[in-house]
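Atoms within a ligand are numbered from 1 in the order they appear, just like the ligands themselves. One-based numbering along the sequence shown. Hydrogens, waters and symmetry mates are skipped; everything else that's a heavy atom, side chains included, is used.
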Amino acid sequence: MTDSHKPLEDLLHENRHFPPSNEFVDQANANNSDIFNRGKNIESFWEGHAQEFQWFRKWEKVLEWDCPWAKWFVGATTNLSVNCLDRHIKSWRRNKAAFIWEGEPGEERVITYADLYRDVNKFANCLKSHGVKKGDRVTIYMGMIPELPIAMLACSRIGAIHSVIFGGFSVDSLIDRINDAQSKLVICSDGAFRRGNIIPLKRNIDEALKSCPCVEKVIIVRRIGEAAQFHTVEGRDLWWHRMMQEASPWCEPERMDSEDPLFILYTSGTTGKPKGIVHTTGGYMVGVGTTHKVVFDIKEEDVYWCTADIGWVTGHSYLVYGPLCNGSTNLMYEGAPDWPERDRFWSIIEKYRVSIFYTAPTAIRTFMRWGVEHINSYDLSSLRLLGTVGEPINPEAWMWYHENIGRGKTPIVDTWWQTETGHIMITPLPGITTTKPGSATKAFPGIEVDVVDEEGNTVKEGGGYLVIKKPWPGMLRTVWGNPDRYVQTYWSKFKNMYFTGDGCKRDKDGYLWLMGRVDDIMIVGGHNLSTTEVESALVDHHDVAEAAVIGRSDEITGQAIVAFVTLKLGVKGTQDKIEELKSHVARKIGPISRPKEIFFSADLPKTRSGKIMRRLLRDIAEKRNLGDTTTLADPSVIQALREKYEED
Ligand code: AMP
């Protein structure tokens with residue numbers, strides 16, 4: 001699928017290489033590339049790591065694979081809350097901070113492993129006392145407060161299947177998700193703080209429950225107090241703090257089969273009904289615990305901060321389950337990065353001496369736009385490792401992150417994975433891998449990925465579809481209530497391969513360059529071009545803060561490139577600037593990629609998890625009805641863009 005005879009790296013306009021420093025290698029958890037050889041035997045690799053966890057009963061078989069149905073650690077029993085808590089409170093870690101929490105208005109809470117253990121046990125008993133049993137579904141809808149991981153761990157202790165719904169979702173999304181899971185109980189907070197405003201979570205629940213007859217009880221955490229303004233429903237609503245006062249501090253953990261479901265997490269998907277992705281217990285635990293330890297080089301003394309909301313899979317795997325399996329100290333921040341000022345993240349890093357920082361490219365591009373003056377007055381010298389996830393990171397954003405946050409020293413792990421994969425699949429290992437800005441590098445050991453063409457043949461060098469060829473421990477097992485959809489969506493495009501839906505290029509060194517969803521591939525004049533490539537070229541221009549590129553239909557070239565660009569603060573969006581940017585892209589990638597149209601916009605339409613909704617931009621450019629915009633963080637952005645596009 002490459003579109004020229006130039007070497008792939010030139011096409012990707014990226015030749016910079018960053019080997020790990022000797023200083024980092026010497027102390028790294030993984031610093032011997034033999035780990036990749038060991039990873040070739042998938043079963044023995046994961047079995048080796050599984051030994052590090054606590055099981056009530058060991059497995060009879062590591063893997064049973066009847067494509068597309070996988071069972072990992074067959075016959076074993078365990079409990080994830082035991083692995084996250086009981087193991088640690090038997091050692092000195094009982095007094096170690098599990099969570100350091102900072103509220104948006106500025107409060108601080110430090111929760112030790114012993115505190116967390118006590119509260120999880122108590123809350124597990126509260127759930128039991130209201131009839132929640134193994135296999136029952138429980139919906140959780142809260143802001144980023146410690147009660148959220150406590151509720152999740154309490155569910156896992158008694159074997160209830162949690163379904164966390166991001167606090168930014170609206171009433172309609174709640175109805176779909178609660179009814180699909182048939183949840184018996186809902187746990188929510190009265191509200192959440194966001195940029196000084198109050199999000200009325202309990203009021204949303206009340207509205208949603210009018211259409212969700214399956215829900216019997218609602219447990220409310222008091223976060224906001226009076227200002228949340230809602231009514232309690234007699235016989236249905238219960239207060240968290242009242243129940244906790246009376247609950248007993250020990251709850252026998254349920255012996256969970258390795259394949260018993262642990263949670264459902266709905267992926268919003270750009271079209272259709274949300275899919276309830278099902279993750280099970282044993283494999284998921286081994287997958288998240290191992291990847292967290294190796295990829296983030298976790299040490300006892302680290303202060304680790306994953307900025308994702310727990311409502312997304314990154315929060316489940318790398319703010320709750322992975323880090324707690326490893327006994328880490330996790331920073332958890334409730335609010336927005338620009339509240340009250342645009343320096344909030346950097347002040348948090350300085351204050352708590354954060355050593356590992358894991359965030360998303362969209363956040364990095366926002367920080368770039370805000371400018372370094374918000375950063376430079378802070379001491380970020382505690383940082384020793386940076387990570388990114390969620391989207392391809394443009395090389396210029398990678399370089400900016402490296403220079404301004406990493407001070408040119410810390411390794412960056414660009415981690416590729418999905419809600420469906422459960423844990424990180426493609427990533428550098430920070431003590432081993434030489435990184436190239438914009439490449440997620442290679443598969444994690446024990447994971448077999450490939451780049452294939454339309455027929456499923458391996459593409460040794462060049463572009464194609466990213467697939468996964470062997471089962472992995474944290475893989476989704478099905479779509480809740482819809483096994484056909486599981487088979488159709490992931491296992492029917494190619495025989496015996498998991499279809500990720502992502503385009504990917506492989507360079508001569510075998511490095512992988514994620515190119516975004518395959519529907520983000522443009523075909524211009526018979527050449528395949530990825531939206532990511534053109535976006536990277538635009539962001540490489542010193543006046544550009546962020547760019548979203550789409551291919552719209554064009555009579556002559558099949559598709560024409562249209563770019564929506566956010567300029568840095570203070571830069572004027574003139575006609576000359578449009579021409580300058582078009583020429584810049586043509587110079588960086590080649591004349592074929594010269595955008596036909598460029599529009600300036602103060603904001604781009606994004607989902608609540610920060611992904612740019614290119615589908616909507618395509619609809620604008622092709623003058624179609626916009627369809628469903630409920631997954632957008634701010635629907636007014638798209639309306640303003642449409643008006644502007646039609647004016648021009
Ligand atoms: P989600 O299931 O919402 O976490 O989204 C998964 C999708 O995000 C993947 O299929 C990719 O398109 C994208 N993604 C996640 N991490 C990366 C990354 N490091 N590089 C490129 N794309 C990524």
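Counting heavy atoms from C-beta outward, Asn29 and Phe296 have side chains that stay 4.5 Å or more apart.
Sorted by first and then second residue, the salt bridge (Lys or Arg N to Asp or Glu O under 4.0 Å) pairs involving residues 398-408 (not counting sequence neighbours) form an empty list.
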Taking a 3.5 Å cut-off between nitrogen or oxygen atoms, can you list every pair linking ligand 1 to the protein, with distances?
from, atom 1, to, atom 2, distance (Å)
ligand 1, 2 (O), Thr419, N, 2.8
ligand 1, 2 (O), Thr419, OG1, 2.6
ligand 1, 5 (O), Lys611, NZ, 3.3
ligand 1, 8 (O), Gly390, O, 3.3
ligand 1, 8 (O), Lys611, NZ, 3.2
ligand 1, 10 (O), Gln418, NE2, 2.9
ligand 1, 10 (O), Asp502, OD1, 3.0
ligand 1, 10 (O), Asp502, OD2, 3.2
ligand 1, 10 (O), Arg517, NH1, 2.9
ligand 1, 12 (O), Asp502, OD1, 3.0
ligand 1, 12 (O), Asp502, OD2, 2.9
ligand 1, 14 (N), Gly390, O, 3.4
ligand 1, 16 (N), Gly390, N, 3.0
ligand 1, 19 (N), Asp414, OD1, 2.7
ligand 1, 19 (N), Thr415, O, 2.7
ligand 1, 20 (N), Glu391, O, 3.3
ligand 1, 22 (N), Pro392, N, 3.4

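Ser601 places a side-chain N or O within donor-acceptor distance of the main-chain N or O of Asp603, the cut-off being under 3.5 Å.
The ring pair (Phe, Tyr, Trp, His ring centres under 6.0 Å) check on Trp398 picks up Phe18, His402, with sequence neighbours excluded.
Within the cation-pi definition used here (under 6.0 Å to the ring centroid, within 45° of the axis), Lys493 qualifies as a partner of Tyr465.
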Quiz: residues 285-292 side-chain donor-acceptor pairs under 3.5 angstrom, not counting sequence neighbours:
from, atom 1, to, atom 2, distance (Å)
Thr290, OG1, Val286, O, 2.6
Thr291, OG1, Gly287, O, 2.7
Thr291, OG1, Val288, O, 3.3
Thr291, OG1, Tyr318, OH, 2.6
His292, ND1, Asn326, ND2, 2.9

